[in-house]
Amino acid sequence: MIKLLKYMNNWAWGFIVLVIGLVVLQVYCDLELPTKLSNILTSASTAEALIDQGLMTDILQKKYQDEIMKNGLEMFAYAGISLFSSVLVCFFASRIASSFSYNLRKELYQHIQKFSISEIENFSTASLITRTTNDITQIQMVVIMTLRMAISAPTMAVLGIIKAGNIEASANLSIIVVLSVVALVTLVVSLFLIVMPKFKAIQGLTDKLNLVTRENLTGIRVVRANCAEEYQENKFNEVNQKVTKTNVFVNRALSLLNPGMMLIMNGTSLAILWVGAYLINENPLFLGNVFGFQQITMMIVMAFMQLIMIFIMVPRGLVSAKRVREVFDIKPSIANLVSMEPVPEEQGTIAYEDVCFSYPNSNENVLDHIHFTANAGQTIAIIGSTGSGKSSLINLLPRFFDATEGVVKVDGRDVKTYDLKILRDKIAFIAQKALLFKGTIRSNLLYGKEDATEEEMWNALKLAMAYDFVSSYPDGLNQAVAQGGSNFSGGQKQRLSIARALIKRPEIIVFDDSFSALDFKTDKILRNNLKDLDYNPTKIIVAQRIGTIMDADLILVLDKGKIVGQGTHKELIERCSVYQEIAYSQLSKEEIDHA
């Protein structure tokens with residue numbers, strides 16, 4: 001938790017000092033109230049005793065009236081100052097905690113953005129969401145309670161004990177306070193030892209619950225297509241029951257706390273009045289002292305109750321802080337080197353020089369000694385069976401992963417020496433699974449180029465064969481896009497993703513099987529449009545269909561992470577058995593011969 005405090009705003013530390021001052025002022029005023037009440041009761045008791053003895057004179061009566069009035073006005077003033085201080089403490093504590101959680105959430109989000117895919121896979125998506133939301137909320141509650149209670153409670157307890165010790169006849173009543181505090185601490189420590197292990201379990205189970213829920217909602221079509229609703233429901237119920245049982249156990253245990261504390265507090269009050277009754281019977285002037293001591297004792301007990309609440313909340317917050325810290329402790333493996341070297345003049349060249357790649361915690365290479373060069377403006381195609389390493393190969397280009405061995409170069413320069421923004425500005429990457437963001441078609445296109453004009457958007461849509469269906473919408477570019485683009489078909493999402501990439505006008509365009517949802521006619525027209533661009537980017541096309549890549553300048557054939565053939569379609573159909581096998585499984589010999 002302490003390590004996370006570095007994300008506190010600088011101005012917040014000044015307000016924390018102010019809050020500490022206000023808390024001490026509030027505690028002082030609260031403790032003065034019983035003292036003034038004791039003075040009023042003592043003055044009233046003394047006056048009554050003088051009246052009973054017939055010794056009261058007008059001067060003495062005026063004196064005691066003035067003392068009662070003075071103490072009453074002082075009580076009113078202290079109550080007002082205490083109220084005002086309390087309001088300010090609540091205001092500043094909430095402001096400081098909210099600001100801290102805002103900074104922490106922002107820093108955590110930005111830190112996650114720097115993760116490579118391998119680091120993100122260390123945590124489930126649901127877990128990262130829980131840590132960014134629920135866990136930080138828990139930390140925020142701890143900060144608020146710390147500022148409001150962790151300062152006032154011990155201050156109240158210490159000053160209250162000192163104040164109570166100065167009251168006459170307190171020696172006879174102090175044993176009661178000691179016993180009540182011992183009983184209170186025993187109750188809390190016992191419950192604390194029982195529920196503490198469950199706090200960590202709750203956060204872990206919350207991760208699992210979010211994971212199952214998210215998995216079910218994102219895969220709802222697959223679930224319904226396979227009539228697996230009951231299976232998913234049982235899966236959800238299993239986790240939900242564990243969460244419920246753990247929460248019920250914790251809440252049942254903690255439900256004993258409130259009645260237990262009230263029993264101790266009321267028992268303490270009753271014991272003080274009982275013993276105090278004997279003291280008052282011996283000396284009526286002890287009336288004010290007994291009631292004053294009772295009020296201060298209640299404040300001391302309440303202070304210990306507040307400390308107990310802190311001891312309950314803080315461990316849960318510390319569990320959340322540890323989970324957040326675990327994310328911060330993961331250092332991004334993709335280091336962003338802010339280089340002062342000038343951007344290379346050549347544009348669009350790609351070179352893989354003896355590149356090997358294996359995933360973290362794996363000893364087996366996914367890519368093995370890959371070597372090829374693509375000149376500016378060329379179209380490079382990559383084909384191979386499932387699991388041959390096609391996507392892994394292109395993921396090294398924008399540094400979603402880093403090569404284990406060898407060098408990947410863009411424009412003659414190692415990609416590891418680029419500033420990531422400059423490198424990725426050179427590349428447009430269209431993923432295998434087309435993803436649209438919630439908003440509008442316009443807002444999605446602006447992801448490619450923030451200052452794109454409407455004309456540029458429509459031109460990109462024409463090139464991507466998306467113009468017809470977008471122009472058919474009444475709202476056109478302002479047509480709403482649901483989360484993930486669920487209100488569009490697979491082919492429409494792919495074409496919009498391609499338009500988003502083309503509007504960027506990058507040096508290199510990477511198509512990771514981005515034509516798979518298109519029909520053959522649309523596929524062919526779109527590829528022809530890519531040839532007719534008003535500039536000449538380098539294109540890398542990962543595809544399963546031979547028809548999509550036949551016209552490529554260079555085709556790479558991958559098999560088990562190795563390049564088993566490279567060349568044009570005609571060259572490969574003559575000498576590469578793997579390519580021949582793929583080609584003849586899709587096309588007839590006549591179609592291949594006339595290609």
- Side chains of Leu436 and Phe488 in contact at under 4.5 Å (non-hydrogen atoms): yes
- Message: Given Thr132, which partner from the list Val327, Val324, Leu108 fulfils the side-chain contact (heavy atoms from CB on, under 4.5 Å) test?
- Response: Leu108
- Item | Heavy-atom donor-acceptor pair, His111 side chain to Lys331 backbone, under 3.5 Å | no
- Item | Glu229 atom CD: more than 12 heavy-atom contacts under 6.0 Å | yes
- Would a distance-only check, ignoring hydrogens and angles, find a side-chain to backbone donor-acceptor pair under 3.5 Å from Thr404 to Ser358? yes
- Task: Enter the distance from Ser497:OG to Leu445:CG here, rounded to the nearest 0.5 Å.
- Result: 10.0 Å
- Step by step, work out the side-chain contact (heavy atoms from CB on, under 4.5 Å) result for Ile509 and Ile498. CA-CA 9 Å; Ile509 308 177; Ile498 293 170; over 6 Å; no
- Message: For Gln110, is the CD atom crowded, meaning more than 12 foreign heavy atoms sit under 6.0 Å from it?
- Response: yes
- So CG of Leu435 and CD of Gln483: to nearest 0.5 Å the spacing works out to 9.0 Å
- Task: Check whether more than 12 heavy atoms from other residues, nucleotides or ligands sit under 6.0 Å from atom NZ of Lys242, and answer yes or no.
- Result: no
- Message: Within the 4.5 Å heavy-atom criterion, are Asp402 and Leu396 side-chain neighbours or not?
- Response: no
- Cation over ring face, Arg413 and Tyr418, 6.0 Å, 45°: yes
- Please confirm whether the backbone N or O of Leu209 pairs with a side-chain atom of Thr213, one donor and one acceptor, at under 3.5 Å? yes
- Look only at the side chain of Gln492 and the backbone of Ser489, and say whether a donor-acceptor pair between them is shorter than 3.5 Å. yes
- Query: Does some side-chain heavy atom of Leu22 sit less than 4.5 Å from a side-chain heavy atom of Phe91?
  - Reply: no
- Message: With a sphere of 6.0 Å drawn around CZ of Arg105, does it hold more than 12 non-hydrogen atoms of other residues, nucleotides or ligands?
- Response: yes
- Could you pull out the closest heavy-atom pair between Leu397 and Val415, with the gap in Å? O-CG1, 3.8 Å
- Task: Please check if the side chain of Asn134 supplies one atom and the backbone of Thr130 the other of a donor-acceptor pair under 3.5 Å.
- Result: no
- Item | Donor-acceptor pair between Asp30 and Ser82 side chains, under 3.5 angstrom | yes
- Message: With heavy-atom distances below 4.5 Å as the criterion, would you say the side chains of Leu423 and Arg399 are in contact?
- Response: yes
- What heavy-atom pair brings Asn487 and Ala480 nearest, and what distance separates the two atoms? ND2-O, 2.9 Å
- Note on the structure: Distance col, row Gln140:CD vs Ser94:OG, nearest 0.5 angstrom, shows 8.5 Å
- Task: Count the heavy atoms belonging to other residues, nucleotides or ligands that lie under 6.0 Å from NZ of Lys449, then report whether that count exceeds 12.
- Result: yes
- Quick one: closest heavy-atom pair of Ala321 and Ile139, and the distance? CA-CD1, 3.6 Å
- Task: Check for a donor-acceptor pair, side chain of Ser101 on one end and backbone N or O of Ile136 on the other, with a separation under 3.5 Å.
- Result: no
- Item | Point-to-point distance, once rounded to the nearest 0.5 Å, from CE of Met156 to CD1 of Ile151 | 13.5 Å
- Query: Side chain of Ser443, backbone of Thr440: donor and acceptor closer than 3.5 Å?
  - Reply: yes
- Message: Using 0.5 Å steps for rounding, measure from the CZ atom of Phe100 to the CG atom of Leu147.
- Response: 10.5 Å
- Can you check side-chain contact (heavy atoms from CB on, under 4.5 Å) on Leu496 and Ile441, steps first, answer last? CA-CA 8 Å; Leu496 288 172; Ile441 292 175; 4.1 Å; yes
- d(Phe76 CZ, Leu33 CG) to nearest 0.5 Å is 12.0 Å
- Query: Should Tyr359 and Phe401 be marked as a ring-ring contact (aromatic ring centres under 6.0 Å, His included) after you check the CA-CA gap, both sets of side-chain angles, and the distance that decides it?
  - Reply: CA-CA 9 Å; Tyr359 288 104; Phe401 294 100; 5.3 Å; yes
- Query: Aromatic ring centroids of Phe511 and Phe429 under 6.0 Å?
  - Reply: no
- Query: Do we see a donor-acceptor contact under 3.5 Å between the side chains of Gln138 and Ser320?
  - Reply: no
- Given the rule in the side-chain contact (heavy atoms from CB on, under 4.5 Å) test, do Leu420 and Arg424 qualify, once you have shown the distances and angles that lead to the verdict? CA-CA 6 Å; Leu420 283 174; Arg424 290 169 182 171; 3.8 Å; yes
- List the atom of Arg148, the atom of Ala93, and the distance in Å for their closest heavy-atom pair. CG-CB, 3.8 Å
- Look at the aromatic rings of Phe437 and Tyr447 and report parallel, tilted or perpendicular, splitting at 30° and 60°. parallel
- Are side-chain heavy atoms of Lys426 and Pro506 found at a separation under 4.5 Å? no
- Query: Does atom CD of Glu230 have more than 12 heavy-atom neighbours, drawn from other residues, nucleotides or ligands, at distances under 6.0 Å?
  - Reply: no
- Sub-3.5 Å donor-acceptor pair from the side chain of Ser99 to the main-chain atoms of Ile96, do we have one? no
- Kindly give the heavy-atom pair with the smallest separation between Val366 and Gly389, and that separation in Å. CG1-CA, 4.3 Å
- Query: Could Arg131 and Asp135 be called an ion pair, given the rule that one side-chain N must be under 4.0 Å from one carboxylate O?
  - Reply: no
- Can you find a heavy atom in the side chain of Leu446 that is under 4.5 Å from one in the side chain of Arg442? yes
- Item | Sub-4.5 Å side-chain heavy-atom contact between Lys390 and Asp513 | no
- Task: Begin from the C-alpha positions of Val27 and Met299 and carry the test side-chain contact (heavy atoms from CB on, under 4.5 Å) through to its verdict.
- Result: CA-CA 10 Å; Val27 169; Met299 289 183 178; over 6 Å; no
- Message: Looking at every heavy atom in both Gly484 and Lys493, which two are closest together, and how far apart are they?
- Response: O-CD, 3.6 Å
